[in-house]
Amino acid sequence: MTPPEDTPSGQTASGPAVLAVSARPEVLKKRADFLRAARARYRPGPGFVLQARQRAPGEEASGIRVGFTCSKKVGNAIARNRAKRRLREIARLVLPEAGRDGWDYVLIGRKNDTATRDFAALQDDLRTALAQIHG
RNA sequence: GCGGAGGGCCGGAUGGCCGCGCGUCCCGCAAGGGAUGCGAGGAAAGUCCGGACUCCCUGAAGCAGCGGUGCCGGGUAACGCCCGGGCGGGCUUUGCCGGGAAAACCCGGCGGACAACCCGACGGAUAGCGCCACAGAGAACAGACUGCCCCUGCACGCAGGGGUGAGGGUGAAACGGUGCGGUAAGAGCGCACCGCGCCCCUGGCAACAGGGGUGGCACGGCAAGCCCCACCGGGAGCAAUGCCGAAUAGGGAUCUCACGGGGACUUCCCCAGGGCCGCUUCAGCCCCGAGAUCCGGGUUGGCAGCCAGACCCGCCGGGCAACCGGCGGGCCAGAGGAAUGGUCAUCGAACCGCAGGUCACGGCCUGCGGGGAACAGAAUCCGGCUUACAGGCCCUCCGCGCAC
RNA sequence: GACCCCGUGGCUCAACUGGAUAGAGCAAUCCCCUCCUAAGGGAUAGGUUGCAGGUUCAAGUCCUGCCGGGGUCG
């Protein structure tokens, strides 16, 4: 049923560059990475806030890295988890196609909008926000 | 059927597509890939109790101290939890007295009965200490402001002496309560009922209950004030702790206390002294080392702890019950910047609107449309408690009515 | 996650061993003084003592449960 051209396993290694980009984005875990991203580029959107930076030379050069932040302002643990999961999902769907190699991204949840905004709109938000933050 | 009360269970469903974590199996040298199974809660929450499990402290006994618990019996690994019982209170009903009202009835005091059910930090106030403001004469070995009664005196309304503690007033509380008798006035002064203390008998494992006798009231409240009695408890906590790897070091400086006597071959023994639990006693261990302070080095990371257990389900047996025992079956989250999801479709409870029907007017029934699920997310694990929670289902008990 | 502490007007603090009107300073409002302002003087208002129960005759104080805020530990 799925079109044969985008088989995810990249049968017989059609190109090494494709493999590097389509690999799953690494998750940011260190506090220092979050702080560096916050000091770089910043773009608020209707469902979330996007922060991004291009990694400096000396750090790991290839791969997309992404982190998620939902503070207590978002709500209780249920609301925070739900917001984080939706952010993770749009990152998984959008970043391999629209993200840039060698960049770090941080998605920050909003109080009610992240959990309730239409899912397709949320994906479009990320695409336009990425386009603007790169330029 | 109507009314009242208590308890238990569940707490959105199905499917498609795309994902995440862990286990097992297969393929692969490896990176990785494939298949398959499982994957949040009744509270996962608050962190309020109790344990398991680790590390720390020389052990035991006693004492002291600190903290906790508190009717009795049982359950349990344990508990401040649970079950059963007792007692007290509530709810309900009723008698007497006083007050209000035309009456039904209402309020206050004293007493009796009381189904289910609800509430109770429910040991001790004659072990001791302390406190009880204001008001009031008097607030805890009683005492006497106004009164009441008797006697004496006289300038006839007061003074003095005595009796009394019933009435008034104050207060949260006034040294048994209510009623009758009694008296100069009164009073447990006498009597009945109730309360209280002491003694005896009966029932009960016990808390306690019932009965009889006796006293004539001597015993106010507060222990969620100190305290007494009984019982329990060492301290810290999985960010505990252990291992691996990396790095650094097997440190340095200063100060203090000890290095005693005898035998012997320096190793050993004896004596004395010192040290090790808050104290004492006993035992043990240590004394060519010990202790204190400061400086220097490290704290990114991996693994274990970390999921088979006071576990879950069914049947049988014991017990009023909590619960216990036996047999059979099952495997039921293990993340770690933290997985357990995202999205779509169908169905859908509460609730809202409209129309119709019915009516003892509060509602109920039917149809159509809208609507789209409460509180809430494991973090070492169990047993409880507490708190939050839309709605639904089931069971039990009591009273009344109807039928049999 | 585990453990610990705190909570009184807008702010900073009091209130003894439970005892009756919860007090003081700053800030606020009004008035006086001054040509005006500041300073000074006078007056006024402002409090469910974080919330809810309980013990007691009586609770800011004692006890229990919630709520909110802060801190420590690798």
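Fair warning: this is a prediction, and the values are worked out from it, not measured in the lab. Chain A is the first sequence line, chain B the second, and so forth, proteins listed ahead of strands; every chain is numbered from 1.
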Is there a continuous path of hydrophobic side-chain contacts, each under 4.5 Å between heavy atoms, that joins [X] to [Y]?
X: A:Leu107; Y: A:Phe34; value: no
X: A:Leu87; Y: A:Leu130; value: yes
X: A:Val27; Y: A:Ile108; value: no

Can you tell me the base-pairing partner of [N]? Count Watson-Crick or G-U wobble geometry only, both distances below 3.5 Å, and say none if there is no partner.
N: B:C9; answer: B:G392
N: B:C288; answer: none
N: B:G250; answer: none
N: C:G19; answer: C:C57
N: B:U36; answer: B:G23
N: B:C320; answer: none
N: B:C359; answer: none
N: C:G65; answer: C:C51

Would you please name every residue forming a side chain to side chain donor-acceptor pair (under 3.5 Å) with A:Arg127, sequence neighbours left out?
A:Glu97

Taking all heavy atoms of A:Cys70 and all of A:Ala83, pick out the closest pair and write down the distance.
SG-CB, 3.8 Å

For [N] and [M], measure between their [atom1] atoms and round to the nearest Å.
N: B:A142; M: B:A173; atom1: C1'; value: 16 Å
N: B:C238; M: C:A2; atom1: C1'; value: 9 Å
N: C:A59; M: C:C3; atom1: P; value: 34 Å
N: B:A137; M: B:A144; atom1: P; value: 14 Å
N: B:A60; M: B:G203; atom1: P; value: 49 Å
N: B:A13; M: B:G302; atom1: P; value: 37 Å
N: B:C288; M: B:C259; atom1: C1'; value: 7 Å
N: B:C385; M: B:A121; atom1: P; value: 16 Å

Measure the distance from [atom1] on [X] to [atom2] on [N] and round it to the nearest whole Å.
X: A:Lys84; N: B:G377; atom1: NZ; atom2: P; answer: 13 Å
X: A:Leu87; N: B:A339; atom1: CG; atom2: P; answer: 13 Å
X: A:Ile78; N: B:A388; atom1: CD1; atom2: P; answer: 18 Å
X: A:Asn81; N: B:G41; atom1: CG; atom2: P; answer: 15 Å

With a non-hydrogen cut-off below 4.0 angstrom, is A:Leu28 in contact with a base, only sugar-phosphate, or nothing?
sugar-phosphate

Base, sugar-phosphate, or nothing: which does A:Phe68 touch, judged by heavy atoms less than 4.0 Å apart?
nothing

I want to verify the glycosidic state of [N]; is it syn or anti under the 90° rule?
N: B:A40; result: syn
N: B:C38; result: anti
N: B:C332; result: syn
N: B:G108; result: anti
N: B:G42; result: syn

Pairs where residues 42-51 of chain A contributes a residue and the test side-chain hydrogen bond (donor to acceptor under 3.5 Å, both in side chains) is met, not counting sequence neighbours:
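Qualifying pairs, neighbours excluded: A:Arg43-A:Gln132.
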
Under the side-chain hydrogen bond (donor to acceptor under 3.5 Å, both in side chains) definition, can you give me all pairs with a residue in residues 75-91 of chain A, not counting sequence neighbours?
A:Glu89-A:Arg92

Reading 5' to 3' through nucleotides 340-345 of chain B, protein heavy-atom contacts under 4.0 Å coded B for base, S for sugar-phosphate only, - for none:
SBSS--

Please, which pairs that meet salt bridge (charged side-chain N to carboxylate O under 4.0 Å, His left out) have at least one residue in residues 110-123 of chain A, sequence neighbours excluded?
A:Arg117-A:Asp125

SB check A:Asp104 A:Arg36 (cutoff 4.0 Å)
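Salt bridge flag = no for A:Arg36 with A:Asp104.
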
